[in-house]
Each structure stands twice: as C-alpha cells, then as structure tokens.
Amino acid sequence: MNELDFTGRNVLVIGGSSGIGNGIARGFLARGATVHVWGTRAAAADYAGEEGSDLTGLGYTQVDVADAEAIAAAPAPFEAIDVLVHSQGTVLYRRKEFEPEGWNKVMAVNVGSVMQISARFHDQLAAARGSVIVVSSIGAFRATMGNPAYAASKAGAVSLVKTLAQAWAGAGIRVNGIAPSLVDTKMTKVTMDNAERRDRALAKIPLGRFGTVEEMAGVALFLASPLSSYICGQTIVVDGGLTL
C-alpha cells in the first residue's frame, strides 16, 4: 500500500493559487487527488504565466477570505472533503500593521478566516473523517520586526490548531499545522529581492539554504496521510534549523 496515494480524495486548498499553497495543491494533484483552490483573482486564467502559480488541472473559485460573508456564500467544491489546507496569508510592510486598518486586515485573513472556513466545512470534513492543515509561520514563535499583526495572527493560528484538534478529534477530523521559515514566494520578495537582507537571513539557517514550496508540500502530504494518523493538534516547524 502507498500511504501517499491520494487517488479518489478531495482536497481544498485555501490560498492555493500561488506560493506555498500552490505547491501543496500540485503535490496532492500529482498523487491522484482531485484538488480545488480558492484565490483572490476573478478566474484561474488571471494567474497564467505568473511565477509560482500553476493552476493546470485544479478547480478554482475566487473568494475574499477577509470577508466572512464571502466565505459563507462560496460554493462547496465537494460533498465530502478529505483534506482542507489553509495557506491563505497576507503581510503589510512600512508599519501599516500598527494601524487599525492594517491590523484588522491581516488578522482577518491570517487567523479569522482559518476559523470561519474550518467551521464552514466541518460537516464535509467529518463525512470523510478528513484532515485540516494550517500553514502558519515561525513568526508564531518569535518576534517579527515591524509586523505585529502577522506575528500575532500566526501565533493565533498555532493555538487554533490545538483547540480545533481537541474539539474535532471525536468527529474523526485531525487538525495539524506547518510553520515554515523563509520560502521564496511572492510574500517574501521584500527579503529575497534585497541582497543584504537575503544574505543576513541565509546566514542564520543551519542547513545553509532556503526551503522550497515542494518541501512544504511534502510535510502537508505526510500530515494528510495515514503515516501521521496519531498526530493531532501539532504544528511542525519546517525551517532548516533556523529557530534552533
């Protein structure tokens, strides 16, 4: 038996249109799953040709996850969901997160929507005895200079993983998370495109390199598989040793 064969399984990836979420979506697709993603643009075609975005073979729906009403109104892609991946996320620079508007937006996307979407699809997950995987960040465990909402929201997501795992285990739903460090995506361009910041960040990683979206996908596949069937409420740090 191949525990990483997801043939016949339904996977919904929030934020699966680009970056880590897209890598996770493609990882499940490559292993036989039927995969649907939520993104911010009107249509999948709007991502054509963009680095880090490949929606070939994926279902797509535009949903503004900062809006609770939009989450409630979005069509369910499947009657039963085997895997729900939360890879939505936003960060605001130039101290915008210190202002109420910036704080509220980041919190709404990074932690509020995780709760709202998970609750929205609880019954579909229970029907499949499925898994929820929340992509947070090592920013949950350490200070993030200039980004108080990002750090607080990611810490909140880690705590939410624990609470939902405890609450929903009886329904057969396992809830776990992934906390990556820097991965070269749209969200990290402010560091990746600045040679000084990039080198400074790289020097702190014992493995001597940044992670890839494929490596994040590997952890998600593990957490959704029978290989992790007794893991419940945990967030796995995937950072090349940065937080050691």
> Does some side-chain heavy atom of Arg174 sit less than 4.5 Å from a side-chain heavy atom of Val132?
Replying inline: no
>> Is there a path of hydrophobic side-chain contacts, each under 4.5 Å between heavy atoms of I/L/V/M/F/W/Y residues, joining Leu221 to Val135?
In response: yes
> Should Glu99 and Lys105 count as an ion pair when the cut-off is N to O under 4.0 Å?
Replying inline: no
> Linking I/L/V/M/F/W/Y whenever any side-chain heavy atoms sit under 4.5 Å apart, do Leu227 and Val11 land together?
Replying inline: yes
> Looking only at heavy atoms, which two atoms of Gly57 and Leu29 are closest? And how far apart?
Replying inline: O-CD1, 3.7 Å
> For Leu223, does its backbone N or O pair with a side-chain atom of Asn176 as donor and acceptor, under 3.5 Å?
Replying inline: no
> So, do Thr243 and Phe141 sit near enough that their side-chain heavy atoms are less than 4.5 Å apart?
Replying inline: no
> More than 12 heavy atoms of other residues, nucleotides or ligands under 6.0 Å from CD of Gln166: is that the case?
Replying inline: no
> Atom OG of Ser87 and atom CD1 of Ile20: how far apart are they, to the nearest 0.5 Å?
Replying inline: 5.5 Å
> Checking Thr163 side chain against Ser159 main chain: does a donor-acceptor pair fall under 3.5 Å?
Replying inline: yes
> If we ignore angles and hydrogens, is there a donor and acceptor under 3.5 Å between the side chains of Ser153 and Asn110?
Replying inline: yes
> Nearest 0.5 Å, what's the CG-CD distance between Asp82 and Gln124?
Replying inline: 11.5 Å
> Roughly how far apart are Thr235 OG1 and Ile138 CD1, rounded to 0.5 Å?
Replying inline: 13.5 Å
> Between Ile14 and Val65, does a side chain to side chain contact (heavy atoms under 4.5 Å, CB included) hold up when you go through it step by step?
Replying inline: CA-CA 9 Å; Ile14 313 302; Val65 298; 3.9 Å; yes
> With hydrophobic residues grouped by side-chain heavy-atom distances under 4.5 Å, do Phe98 and Leu92 end up in a single group?
Replying inline: no
>> Using the rule side chain to side chain contact (heavy atoms under 4.5 Å, CB included), only one of Leu58, Val83, Val85 pairs with Val35; which is it?
In response: Leu58
>> Is there a side-chain contact between Ser118 and Trp168 in this structure, where contact means two heavy atoms from C-beta onward sitting under 4.5 Å apart?
In response: yes
>> Test of understanding: with side chain to side chain donor-acceptor pair (under 3.5 Å), list the residues that count as partners of Ser113, not counting sequence neighbours.
In response: Gln88
> Hey, are the side chains of Asn22 and Val37 touching, using non-hydrogen atoms and a 4.5 Å cut-off?
Replying inline: no
> Side chains of Val134 and Ile178: does their closest heavy-atom pair fall under 4.5 Å?
Replying inline: no
> Judged by atom type as modelled, is there a donor-acceptor pair below 3.5 Å linking the side chain of Arg120 to the main-chain atoms of Ala74?
Replying inline: yes
>> Measuring from atom CZ of Phe121 to atom CG of Leu12, what distance do you get when rounded to the nearest 0.5 angstrom?
In response: 5.5 Å
>> On a heavy-atom basis, which atom in Gly16 and which in Ala25 lie closest, and how many Å separate them?
In response: O-CB, 4.3 Å
>> Under a 3.5 Å distance rule, please check whether Glu3 uses its side chain to pair with a backbone N or O of Ser225 as donor and acceptor.
In response: no
>> Distance alone, cut at 3.5 Å: any donor-acceptor contact between the side chains of Arg31 and Thr7?
In response: no
> Nearest heavy-atom pair of Leu125 and Ser131: which atoms, and what distance?
Replying inline: CD2-O, 3.8 Å
> Taking all non-hydrogen atoms of both residues, which atom of Ala152 and which atom of Trp103 are closest, and how far apart?
Replying inline: CB-CH2, 3.8 Å
> Would a hydrophobic clustering, with Ile, Leu, Val, Met, Phe, Trp and Tyr connected at side-chain separations under 4.5 Å, put Val111 with Val158?
Replying inline: no
>> Can you give me the closest heavy-atom contact between Lys154 and Ser137, atom names plus distance?
In response: CG-CB, 3.8 Å
>> Would you say Glu97 and Asn147 are linked by a side-chain donor-acceptor pair, where the criterion is simply a distance under 3.5 Å?
In response: yes
> Distance from His86 atom NE2 to Ile24 atom CD1, nearest 0.5 Å?
Replying inline: 11.5 Å
> Is any side-chain heavy atom of Trp38 closer than 4.5 Å to a side-chain heavy atom of Val13?
Replying inline: no
> Any side-chain heavy-atom pair from Thr34 and Phe28 closer than 4.5 angstrom?
Replying inline: no
> Among side-chain atoms of Ser17 and Tyr47, is any donor-acceptor pair under 3.5 angstrom?
Replying inline: yes
>> Test your reading of the model: is there a side-chain donor-acceptor pair from Gln234 to the backbone of Ile231, 3.5 Å cut-off?
In response: no
>> Determine whether a donor-acceptor pair (N or O, by modelled atom type, separation under 3.5 Å) exists between the side chain of Asn10 and the backbone of Ile81.
In response: no
> Just wondering, do Met115 and Leu164 contact through their side chains at under 4.5 Å, heavy atoms?
Replying inline: yes
> Which distance, rounded to the nearest 0.5 Å, do you find between the CG of Leu242 and the CG of Leu182?
Replying inline: 7.5 Å
> Do Val175 and Phe222 sit in the same hydrophobic cluster, where Ile, Leu, Val, Met, Phe, Trp and Tyr count as joined when their side-chain heavy atoms come under 4.5 Å apart?
Replying inline: no
>> To check you understand the geometry: which heavy-atom pair defines the closest contact between Ala70 and Val63, and what is its length?
In response: O-CG1, 3.9 Å
>> As a test of understanding, state which of Ile173, Ile117, Ile133 forms a side chain to side chain contact (heavy atoms under 4.5 Å, CB included) with Leu84.
In response: Ile117
